[in-house]
Amino acid sequence: MYILGIETSCDDTCAAVLQNDRILSNVISSQINLHSIYGGVVPDIAKRAHQQRLPAIVSLALKRSGIKLTDIDLIAATRGPGLGITLSIGYNFAKELAKTNHIPFVAVNHVEGHLLSVFLKNKNGSPHILPRFPFLGLTVSGGHTKMVLIKKIGDYQVVGETLDDAAGEALDKSAKLLSLGYPGGPVIERVAAVGQTDFLKLPQPLQPKNILNFSFSGLKTSFYYQIKDWPAAKIASHLSDLSATIQASVFEHLIRKFSLAIDLCRPTSLLASGGVLANLTLRRQLRQLAKTKKLPIFFPPQKKLNTDNAAMIALAALYRFQKNKSINDLELDISPRLEL
Ligand code: KG4
Ligand code: ZN
């Protein structure tokens with residue numbers, strides 16, 4: 001099957017073509033340069049950029065895949081969660097394309113896309129993962145932080161999630177405090193590389209061992225109060241240590257709760273995905289945790305499959321279609337707060 005996926009839930013305009021679970025093309029048009037001066041995503045600007053770019057991005061994805069629109073068997077788009085005004089650009093475009101060309105349409109949950117992104121394959125069919133269910137998945141991005149027990153594809157149980165900010169959001173906001181620009185996660189990773197991880201004392205949130213949820217707002221607030229009266233020169237001279245400290249605290253919290261969830265859920269395998277998993281330190285810590293627990297852990301096979309992309313949306317749609325060949329979601333509308 002050939003699947004065309006479209007994703008516009010935030011600030012990346014994405015289109016991809018899969019042949020089953022193999023990626024034939026995966027085009028991502030980032031809007032970082034439009035939003036960085038504002039220190040975060042400006043929904044109106046994102047909406048306009050999606051409108052302007054999406055038709056060309058879809059054409060490019062088709063061209064790079066070598067597949068004609070008339071040969072596409074399934075069209076998929078992100079239904080939610082995400083920003084309503086940006087979701088609707090990709091979603092309605094995809095629906096229109098499906099309707100006009102009489103192609104079945106599947107609406108996809110963005111978080112499910114991130115979780116399943118570890119099963120994507122390169123053009124040559126690698127890597128070949130034999131899914132050993134149940135998986136415990138950790139998905140961490142700028143919009144969500146969730147631990148999900150995946151009993152099989154399509155059968156999900158959220159076992160823990162953030163009660164306030166997402167982990168990526170905490171990194172983005174901390175980077176803003178340090179005037180490091182947007183998005184903060186990648187800059188913090190770079191600057192933190194030579195820093196001291198215990199430069200400030202930050203609280204570890206939600207200590208009790210029966211709580212599987214996350215909370216990042218206390219960490220971020222404590223970070224803010226400790227440096228708010230510092231002169232800019234002092235912050236500038238300790239950028240590496242400050243970045244390393246906030247990054248280490250955010251990751252310690254993720255690892256502690258994921259470790260706890262593994263003990264309670266007893267999965268057979270682990271997976272981790274989402275924008276923050278582009279971070280090599282976090283991946284190393286998760287690999288170490290998996291080793292300690294004697295479990296295999298899987299990540300998306302390419303770095304650019306961690307952050308938002310349409311290949312993961314197309315794959316989630318394929319799995320849903322395989323389970324129900326008569327699925328056609330044309331009647332559904334976007335859902336900015338869609339639950340898993
Ligand atoms: O999955 P994603 O592209 O979009 C959402 O669904 O939110 O994730 C974006 C988030 C941002 O918060 C960004 O700062 C973070 O992922 N991120 C990183 C890295 N690359 C992106 N965080 C830490 N280290 C990175 N290398
Ligand atoms: Zn995402």
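Residue numbers run from 1 in the order of the sequence given. As the structure lists them, so they are numbered: ligands from 1, and atoms in each ligand from 1. As a basis for the values below, the full set of heavy atoms in this structure was taken, side chains included, without hydrogen atoms, waters or symmetry mates. The shown structure was predicted, so the numbers you read here are calculated from the model rather than taken from an experiment.
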Stepwise side chain to side chain contact (heavy atoms under 4.5 Å, CB included) check, K304 with I28: CA-CA 9 Å; K304 76 177 200 178; I28 301 169; 4.3 Å; yes
Of the protein N/O/S atoms, how many lie under 2.8 Å from the Zn ion (ligand 2): 3
I need the nearest protein heavy-atom contact for [atom]: residue, atom name and distance, please.
atom	value
atom 24 (N) of ligand 1	N279 ND2, 3.1 Å
atom 5 (C) of ligand 1	S141 OG, 3.3 Å
atom 3 (O) of ligand 1	D308 N, 3.0 Å
atom 11 (C) of ligand 1	D172 OD2, 3.5 Å
atom 26 (N) of ligand 1	E189 OE1, 2.8 Å
atom 21 (C) of ligand 1	G275 O, 3.4 Å
atom 22 (N) of ligand 1	G185 CA, 3.3 Å

Spacing of M147 atom CE and L270 atom CG [to the nearest 0.5 Å]: 11.5 Å
Point-to-point distance, once rounded to the nearest 0.5 Å, from CG of L87 to OG1 of T8: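 If we round to the nearest 0.5 Å, L87:CG and T8:OG1 are 6.0 Å apart.
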Within the 3.5 Å criterion, strictly below it, is a donor on [X] or [Y] matched to an acceptor on the partner's side chain?
X	Y	result
H50	D11	no
H144	E161	no
S215	D164	yes

The one among G274, G142, G82, A166 that brings a heavy atom closest to atom 10 (C) of ligand 1: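 Going through G274, G142, G82, A166 one by one, G142 has the nearest heavy atom to atom 10 (C) of ligand 1.
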Please list, in number order, the atoms of ligand 1 under 4.0 Å from a heavy atom of [X].
X	answer
H110	6 (O)
P183	14 (O)
G168	12 (O)
H114	1 (O), 6 (O)

G143 N/O under 3.5 Å from ligand 1 N/O: yes
Linked, directly or transitively: L254 and L206 (ILVMFWY side chains, under 4.5 Å):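 No.
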N/O donor-acceptor pairs under 3.5 Å from side chains in residues 174-196, not counting sequence neighbours:
| residue | atom | partner | partner atom | Å |
| --- | --- | --- | --- | --- |
| S174 | OG | A170 | O | 2.7 |
| E189 | OE2 | L280 | N | 2.7 |
| Q196 | NE2 | D198 | OD1 | 3.3 |

Identified side chain to side chain contact (heavy atoms under 4.5 Å, CB included) counterpart of I103 within the set D71, L4, I72, T70: I72
Near-ring test F214/F258, centroid separation under 6.0 angstrom: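 Judged by ring-centre distance (under 6.0 Å), F258 and F214 do not meet the cut-off.
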Close aromatic pair by centroid cut-off 6.0 Å: F119 and F135: yes
Test item, Q247 contacting ligand 1 (heavy atom, 4.0 angstrom): no
Non-hydrogen atom of C10 closer than 4.0 Å to ligand 1: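 Per 4.0 Å heavy-atom rule, C10 does not contact ligand 1.
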All N/O donor-acceptor pairs, side-chain side in residues 226-235, below 3.5 Å, sequence neighbours left out:
| residue | atom | partner | partner atom | Å |
| --- | --- | --- | --- | --- |
| Q226 | NE2 | K201 | O | 2.8 |
| Q226 | NE2 | S222 | OG | 3.1 |
| W230 | NE1 | Q226 | O | 3.0 |

Partner residues of F321 under the ring pair (Phe, Tyr, Trp, His ring centres under 6.0 Å) criterion, sequence neighbours left out: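 So F321 forms no ring pair (Phe, Tyr, Trp, His ring centres under 6.0 Å) with any residue.
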